[in-house]
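If you're wondering where the values come from, they're calculated on a predicted model, not measured in any experiment.
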Amino acid sequence: MLDLESVRLFVLAVDLGGLTRAAEAAGTVQPVVSQRIKALEERLGVRLLDRSPRFLRPTADGARFLIEARALLTAHDRAAAFRNHPVTRVRLGISDHAMGGAAAMVLKRFRASLGGEIDLDIKVSLSHPLRLAFDAGDLDAAIIRREAGGTDGDLMGQDPLIWCGDITAFRAGHPLPLATLGAPCGIRAAAIRGLDKAGIAWRESLIAGSCSTLLGGVGAGFGIAPMGRFGSQGMPDIGPSLGLPPLPASDIVFLARTGTPALANALRALAASIRAALA
């Protein structure tokens with residue numbers, strides 16, 4: 001018989017890229033995770049993980065077992081919920097400029113780390129309105145980008161701002177075609193402050209409703225956008241080539257309130273997924 005909790009910790013460690021993050025998601029400590037995975041390896045008679053201070057990855061045996069482990073946990077969770085097990089609802093706000101194209105990866109890891117049923121109600125918007133919605137009690141949690149300092153919330157990490165787009169979109173002697181998500185976006189405000197301070201004329205050439213549309217627009221040559229490196233999907237920083245001012249890094253912050261133990265567990269797993277993605 002396999003210990004299901006040990007199997008779940010193994011999957012968490014692989015998905016989140018470390019024993020410490022797996023422990024955070026599971027509400028335990030790193031030595032416990034290490035001990036239980038070691039016991040699982042002894043039970044199976046194979047080494048599942050290659051570990052070093054800098055990385056963690058499954059061995060060849062571990063990669064094969066990972067497929068079976070996911071299937072086992074899925075079957076267990078489905079069986080455990082057959083009698084209308086209570087479903088935990090999470091009202092989550094995601095700042096498009098904080099997560100961008102990485103949101104899918106964060107949510108996938110979040111779902112994999114859960115042991116119960118979740119109804120996820122997601123609102124995607126700018127950081128400022130999400131912060132207001134959280135303060136009003138309309139959201140259980142929010143992932144936002146914080147430009148102007150502050151101490152509330154859980155700091156997930158810092159994300160540098162870069163200039164993205166087709167370098168040929170900026171013609172010498174013409175105003176910079178600026179592509180943004182529109183006001184009151186904090187990244188837009190930071191970019192405008194930097195351009196005005198550097199004496200660089202600009203015009204707003206594209207106002208997009210989402211980061212995916214923004215990236216598509218700048219990729220098609222409709223402007224140059226200030227973006228977080230995390231959400232820019234690997235686009236290079238063309239700012240230095242064009243002589244554009246460097247932009248400040250900003251904080252990725254997780255705001256959360258926990259009303260029930262089940263919600264607290266879910267939000268802890270979500271925080272671990274965000275940290276893993278930023279790392």
Side-chain angles (χ1 to χ4, degrees), residues 92-103 123-136 138-139 141-167 169-170 174-233 235-255 274 278:
L92 173 64
I94 298 179
S95 167
D96 206 12
H97 248 327
M99 290 285 98
K123 179 179 181 179
V124 179
S125 184
L126 299 176
S127 293
H128 180 65
L130 288 178
R131 177 57 199 259
L132 294 178
F134 177 81
D135 289 344
D138 297 330
L139 297 172
I143 309 167
I144 65 171
R145 182 183 288 273
R146 186 167 60 199
E147 309 294 336
T151 58
D152 55 337
D154 193 0
L155 178 63
M156 298 285 102
Q158 281 204 323
D159 188 25
L161 298 183
I162 62 174
W163 296 98
C164 298
D166 184 345
I167 199 168
F170 185 20
H174 292 76
L176 174 77
L178 186 65
T180 75
L181 294 184
C185 175
I187 288 182
R188 175 184 182 272
I192 290 173
R193 285 195 301 269
L195 293 171
D196 289 347
K197 185 176 180 179
I200 298 175
W202 57 274
R203 63 180 179 87
E204 202 148 35
S205 61
L206 172 67
I207 299 177
S210 69
C211 278
S212 59
T213 304
L214 185 62
L215 288 171
V218 299
F222 285 100
I224 294 169
M227 293 283 297
R229 188 180 295 278
F230 180 57
S232 65
Q233 300 185 11
M235 294 188 73
D237 184 2
I238 64 171
S241 300
L242 297 178
L244 300 179
L247 298 172
S250 54
D251 296 337
I252 304 298
V253 175
F254 184 55
L255 304 170
I274 299 167
L278 283 170

*Check whether any side-chain heavy atom of Ser127 lies under 4.5 Å from a side-chain heavy atom of His97, and answer yes or no.*
no
*CG of Leu176 to CG of Leu244: how many Å apart, nearest 0.5 Å?*
5.5 Å
_Just verifying a value: how many Å separate Leu132 CG and Asp138 CG, rounded to the nearest 0.5 Å?_
10.0 Å
*Check Phe222 against Ser205 and note the closest heavy-atom contact, atom names and distance.*
O-OG, 2.8 Å
_My understanding is that only one of Asp96, Ile187, Leu181, Ile144 makes a side-chain contact (heavy atoms from CB on, under 4.5 Å) with Leu126; could you say which?_
Leu181
_For the student: nearest non-hydrogen atoms of Ser210 and Ser212, plus distance_ = OG-OG, 3.0 Å
*Taking atom CG of Leu178 and atom CH2 of Trp202, what is their separation to the nearest 0.5 Å?*
6.5 Å
*asked:* Applying side chain to side chain donor-acceptor pair (under 3.5 Å) to Ser250 and Arg145, what does each step give before you reach the verdict?
replied: CA-CA 7 Å; Ser250 54; Arg145 182 183 288 273; 2.5 Å; yes
*Grab the two heavy atoms, one from Leu242 and one from Ile167, that are nearest each other, plus how far apart they are.*
CD2-CG1, 3.4 Å
*asked:* How long is the straight-line distance from CD1 of Ile238 back to SG of Cys164, given to the nearest 0.5 Å?
replied: 7.5 Å
*Provide the closest heavy-atom pair for Val218 versus Leu206 in the form atom of the first, atom of the second, distance.*
N-CD2, 4.4 Å
*Find out whether Pro226 and Leu161 are in side-chain contact, i.e. whether some heavy atom of one side chain is under 4.5 Å from a heavy atom of the other.*
no
*Could you give the distance from CG (Asp154) to CD1 (Ile252), rounded to the nearest 0.5 Å?*
12.5 Å
*Heavy atoms only: give me the nearest Ile143-Met99 pair and the separation to one decimal.*
CG2-CE, 3.8 Å
*Kindly indicate, with the supporting measurements, whether the criterion side chain to side chain contact (heavy atoms under 4.5 Å, CB included) is fulfilled by Arg146 and Asp152.*
CA-CA 10 Å; Arg146 186 167 60 199; Asp152 55 337; 3.3 Å; yes
*Does the Asp237 side chain pair with the main chain of Ile162, one donor and one acceptor, at a distance under 3.5 Å?*
no
*Kindly give the heavy-atom pair with the smallest separation between Ala191 and Trp163, and that separation in Å.*
CB-CH2, 3.7 Å
